[in-house]
Amino acid sequence: MSTNIIAEMLRHYELKSDYDRKNALKEILQEIILCGLSKGGFFNHAAFYGGTALRIFYGLDRFSEDLDFSLIKPDKNFNLESYFSLLEKEIRSFGLNVSIIKKEKNSKSQIKSAFLKANTKEHLLLFFDNNSANRVASNENIKIKLELDTIPPDFATFERKFRLLPAPYEINLYDAPSLFAGKIHAVICRGWKSRVKGRDLYDYVFYLSKGTKVNFKHLQARLSQTDIYVNNLNDVKNLLTERFKAINFSQAKEDVMPFIKNLSSIEKWSSEFFTQITEKLHERI
């Protein structure tokens with residue numbers, strides 16, 4: 001019965017390649033995790049945010065790997081690990097075999113992390129022909145990272161949304177202006193090191209194309225956590241403009257290509273392109 005639900009969910013995907021099949025299974029696993037967390041009362045304490053939240057609930061047209069959460073109120077001692085057994089039980093009820101491993105971080109870190117792993121070959125065999133599974137190494141795993149911010153910035157605003165599959169569930173998540181604030185913070189502050197995260201830029205364009213206004217107070221609070229202080233939206237635009245000047249856009253395109261289908265959407269990326277579209281950035285009043 002439960003595997004039939006997953007088969008039904010797979011019908012919504014365009015499955016032309018092994019890559020498509022792996023991504024579809026990963027996305028369905030993400031939704032089962034959200035459903036399990038909802039059943040366990042997790043969203044009474046936390047909210048869903050980040051790229052996967054944007055994809056599932058606001059229509060972002062790119063694949064996103066991780067599940068990002070933020071507590072509603074600060075609690076450095078919040079026990080994310082207490083949900084692991086519940087999640088494993090929920091996922092196994094759908095015929096899937098997974099393990100969840102806590103990621104050890106610096107004790108001073110406000111981020112709690114875990115990795116969920118499932119054998120890729122084993123799960124391809126459940127839903128697809130043997131040829132798909134035979135092309136995958138026996139030790140390859142589907143991996144999903146879960147991260148929880150235990151000291152969230154102030155002034156985020158939330159909304160409740162419902163999903164019907166894999167079973168009806170309710171979720172608490174950042175609204176679009178607060179999500180946009182988080183993405184602008186990432187564009188300005190993320191340490192890209194030697195590889196620019198083009199996914200941040202892709203999402204930034206997505207928000208602007210939808211006319212999303214930014215929750216400025218929340219953005220201001222996020223920036224202050226990284227010792228950047230702004231008085232108004234023009235200060236933010238200036239920071240973004242300086243960031244765009246420093247970006248290697250060839251690297252940015254290479255980063256995002258595996259996650260999108262329409263490559264023509266990134267052809268015009270340049271410092272000038274991003275600086276001009278930033279003029280459309282507005283604050284939610």
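Residues: numbered from 1 along the sequence shown. The structure displayed is predicted, hence computed values, not measured ones.
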- [ ] Identify the residue among Asp203, Asp200, Asp255 that makes a salt bridge (Lys or Arg N to Asp or Glu O under 4.0 Å) with Arg190.
- [x] Asp200
- [ ] Start with the C-alpha gap between Glu90 and Lys39, add the side-chain angles, then the distance that decides, and say whether salt bridge (charged side-chain N to carboxylate O under 4.0 Å, His left out) holds.
- [x] CA-CA 9 Å; Glu90 177 72 13; Lys39 286 182 180 179; 3.1 Å; yes
Task: Polar side-chain atom of His185 near backbone of Leu219 as donor-acceptor pair, under 3.5 Å - done: no
Open item on the list: Using modelled atom types and a 3.5 Å cut-off, is there a donor and acceptor pairing between side-chain atoms of Ser270 and backbone atoms of Phe273?
Closed with: yes
Task: Lys217 to Phe155, cation-pi by 6.0 Å centre distance and 45° axis angle - done: yes
Task: Exercise: do Asn119 and Glu140 side chains pair donor with acceptor under 3.5 Å - done: no
Task: Close side-chain approach of Asp20 to Tyr13, heavy-atom, < 4.5 Å - done: no
Open item on the list: When you measure from the side chain of Glu254 to the backbone of Gly198, do you find a donor-acceptor pair of N or O atoms at a distance under 3.5 Å?
Closed with: no
Open item on the list: If I take atom CZ from residue Arg62 and atom OG from residue Ser265, how far apart are they, to the nearest 0.5 angstrom?
Closed with: 11.5 Å
Open item on the list: With rounding to the nearest 0.5 angstrom, report the CG to CG distance, Leu240 to Asp235.
Closed with: 11.0 Å
Task: Pairwise distance CD1(Ile184) to CG(Leu223) - rounded to 0.5 angstrom - done: 9.0 Å
- [ ] For the pair Tyr204 and Phe180, name the ring-plane relationship: parallel under 30°, tilted 30 to 60°, perpendicular over 60°.
- [x] tilted
Task: Sub-4.5 Å side-chain heavy-atom contact between Ile171 and Ser38 - done: no
Task: Polar side chain donor-acceptor pair, Arg199 to Ser64, under 3.5 angstrom - done: no
- [ ] Indicate whether the side chain of Thr212 and that of His282 have a donor and an acceptor atom separated by less than 3.5 Å.
- [x] no
TODO: Scan for salt bridge (charged side-chain N to carboxylate O under 4.0 Å, His left out) pairs involving residues 113-125, sequence neighbours excluded, and state none if there are none.
DONE: none
- [ ] Starting at CD of Glu170, measure out to CZ of Phe162 and round the result to the nearest 0.5 Å.
- [x] 3.5 Å
Task: Geometric cation-pi criterion, Lys280 with Tyr207: 6.0 Å, 45° - done: no
Task: Centroid-centroid distance, Tyr174 to Phe158, less than 6.0 Å - done: yes
TODO: Drop me the distance from Leu116's CG to Leu67's CG, to the nearest 0.5 angstrom.
DONE: 9.0 Å
Task: Check: Lys237 main-chain N/O paired with Thr241 side-chain donor or acceptor under 3.5 Å - done: yes
Open item on the list: So for atom CD, which belongs to Glu8, do other residues, nucleotides or ligands contribute more than 12 heavy atoms lying within a distance under 6.0 Å?
Closed with: yes
- [ ] Please determine, by modelled atom types, if Ser178 and Asp175 share a side-chain donor-acceptor pair under 3.5 angstrom.
- [x] yes
TODO: For the residue pair Leu146 and Ile33, establish whether any side-chain heavy-atom pair is separated by less than 4.5 Å.
DONE: yes
Open item on the list: Could you tell me if the side chain of Leu87 sits less than 4.5 Å from the side chain of Ile32, heavy atoms only?
Closed with: no
- [ ] Can you measure from CG (Asn172) to NE2 (His45) and round to the nearest 0.5 angstrom?
- [x] 11.5 Å
- [ ] Determine whether the side chains of Tyr229 and Gln220 contain a donor N or O and an acceptor N or O closer than 3.5 Å.
- [x] no
Open item on the list: Side chains of Phe43 and Leu34, heavy atoms from C-beta outward: is any pair under 4.5 Å?
Closed with: yes
Task: Sidechain-backbone polar pair: Glu88 side chain, Ile100 backbone, donor-acceptor under 3.5 Å - done: yes
- [ ] Please determine if Glu147 and Lys112 form a salt bridge, counting it only when a charged side-chain N lies under 4.0 Å from a carboxylate O.
- [x] no
Open item on the list: Contact between Val136 and Lys22 at the side-chain level, heavy atoms closer than 4.5 Å - yes or no?
Closed with: yes
Open item on the list: For Lys145, is there an ion pair with Glu65 - N to carboxylate O distance below 4.0 angstrom?
Closed with: no
Open item on the list: For the backbone of Lys143 and the side chain of Lys26, can you confirm whether one donor and one acceptor N or O come within less than 3.5 Å of each other?
Closed with: yes
Open item on the list: Treating Arg135 as the side-chain partner and Asp18 as the backbone partner, does any N or O pair qualify as donor plus acceptor under 3.5 Å?
Closed with: no
Open item on the list: If you define the side chain from C-beta out and look only at heavy atoms, does anything of Asn97 sit under 4.5 Å from Ile91?
Closed with: no
Open item on the list: Quick check against the 3.5 Å criterion: does Glu283 have a side-chain atom that pairs as donor or acceptor with the backbone of Phe216?
Closed with: no
TODO: Just say parallel, tilted or perpendicular for the rings of Phe78 and Tyr83, cut-offs at 30° and 60°.
DONE: parallel
Open item on the list: With a 4.5 Å cut-off on side-chain heavy atoms, are Ile228 and Leu239 touching?
Closed with: yes
- [ ] Answer yes or no: is there a donor N or O on one side and an acceptor on the other, between the side chain of Thr52 and the main chain of Asp66, under 3.5 Å?
- [x] yes
- [ ] For this output row, return yes or no: ring centroids of Phe274 and Phe249 closer than 6.0 angstrom.
- [x] yes
